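A quick write-up on the structure given underneath.
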Amino acid sequence: MGYILYKSVVYLFQVIFFILVISCLLSWLPNIDWYRQPFRFFGQVSNFFFSPCRKIVPPIYGIDFSPILAFLLLGVIEKILLILIALIF
């Protein structure tokens, strides 16, 4: 049971990281219509994670540092969850 839960959390965070990286890479392309699928999905998922980080670290000289903070926070949350799972099971 613990192994399945552990691997599920690892895979969940890998999928989230992958979606956020794709969203960051797509943000460099100027002709992306964020209101059409599949870009709408990437935009909605990434904004869910980046919006709170943008409130903490606003863009500086047009450079958005919120993805860096989001990746750091997600990494810390993942490690804490994995440690808790390992201790409980």
Side-chain angles (χ1 to χ4, degrees):
M1 174 66 181
Y3 178 76
I4 295 171
L5 184 61
Y6 187 90
K7 290 306 263 184
S8 298
V9 170
V10 169
Y11 290 141
L12 174 69
F13 276 91
Q14 285 179 349
V15 168
I16 292 171
F17 280 117
F18 179 74
I19 290 172
L20 295 179
V21 167
I22 294 295
S23 177
C24 288
L25 293 174
L26 287 175
S27 70
W28 291 347
L29 301 174
N31 295 330
I32 296 293
D33 184 10
W34 288 101
Y35 298 105
R36 296 182 60 195
Q37 290 293 348
F39 307 117
R40 184 178 198 177
F41 170 75
F42 289 119
Q44 289 174 343
V45 172
S46 64
N47 283 335
F48 177 77
F49 290 102
F50 294 157
S51 293
C53 295
R54 283 188 186 113
K55 293 177 183 175
I56 298 170
V57 181
I60 300 170
Y61 296 111
I63 299 174
D64 189 12
F65 292 104
S66 61
I68 296 170
L69 181 61
F71 284 121
L72 288 174
L73 290 175
L74 282 172
V76 168
I77 292 169
E78 179 186 17
K79 295 299 180 193
I80 290 171
L81 282 175
L82 293 177
I83 289 171
L84 288 174
I85 291 170
L87 289 175
I88 292 173
F89 295 101

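Quantities reported herein were computed from a predicted structural model and do not represent experimental measurements.
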### Partners meeting side-chain contact (heavy atoms from CB on, under 4.5 Å) with L69 (sequence neighbours left out)
C53, I56, V57, L73
### Query
Once you round to the nearest 0.5 Å, how far does CD1 of I19 lie from CZ of F49?
8.5 Å
### Message
Show every side chain to side chain donor-acceptor pair (under 3.5 Å) that has at least one partner inside residues 66-79, sequence neighbours left out.
### Response
D64-S66
### Message
In this structure, would L72 and V10 fall into the same cluster of hydrophobic residues linked by side-chain contacts under 4.5 Å?
### Response
no
Run the side-chain donor-acceptor check on residues 23-48: report pairs under 3.5 Å with partners two or more places apart or on a different chain.
| unit_1 | atom_1 | unit_2 | atom_2 | d |
| --- | --- | --- | --- | --- |
| S23 | OG | S46 | OG | 2.9 |
| S27 | OG | C24 | O | 2.6 |
| D33 | OD1 | Y35 | N | 3.3 |
| S46 | OG | F42 | O | 2.9 |
| S46 | OG | G43 | O | 3.2 |
| N47 | ND2 | G43 | O | 3.1 |

### Query
Under the salt bridge (charged side-chain N to carboxylate O under 4.0 Å, His left out) rule, what pairs show up with a residue in residues 9-22, not counting sequence neighbours?
none
### Message
Starting from I83 and following side-chain heavy-atom contacts under 4.5 Å between hydrophobic residues (I, L, V, M, F, W, Y), which residues can be reached?
### Response
L87
### Message
Hydrophobic clusters here meaning ILVMFWY residues chained together by side-chain heavy-atom distances under 4.5 Å, can you tell me if L12 and I22 are in one?
### Response
yes
### Message
For a side-chain contact (heavy atoms from CB on, under 4.5 Å) check, start with the C-alpha distance between I88 and L5, then their side-chain angles and the critical distance, and finish with the verdict.
### Response
CA-CA 11 Å; I88 292 173; L5 184 61; over 6 Å; no
### Query
Should F50 and F18 be regarded as members of a common hydrophobic cluster, given that ILVMFWY residues are connected when their side-chain heavy atoms come within less than 4.5 Å of each other, either directly or indirectly?
yes
#### Entry: Counterpart residues, ring pair (Phe, Tyr, Trp, His ring centres under 6.0 Å), relative to F71 (two or more places apart)
F17
### Query
By the rule that ILVMFWY residues connect when side-chain heavy atoms come within less than 4.5 angstrom, directly or transitively, which residues belong alongside L84?
V76, I80
### Query
Can you hop from L20 to F65 via hydrophobic side chains spaced under 4.5 Å?
no
### Query
Shortest non-hydrogen contact from F13 to L74?
CE2-O, 3.6 Å
### Query
For residues 8-22, which residue pairs qualify under salt bridge (charged side-chain N to carboxylate O under 4.0 Å, His left out), counting only residues two or more places apart or in two chains?
none
### Y11: side-chain contact (heavy atoms from CB on, under 4.5 Å) partners, not counting sequence neighbours
K7, Q14
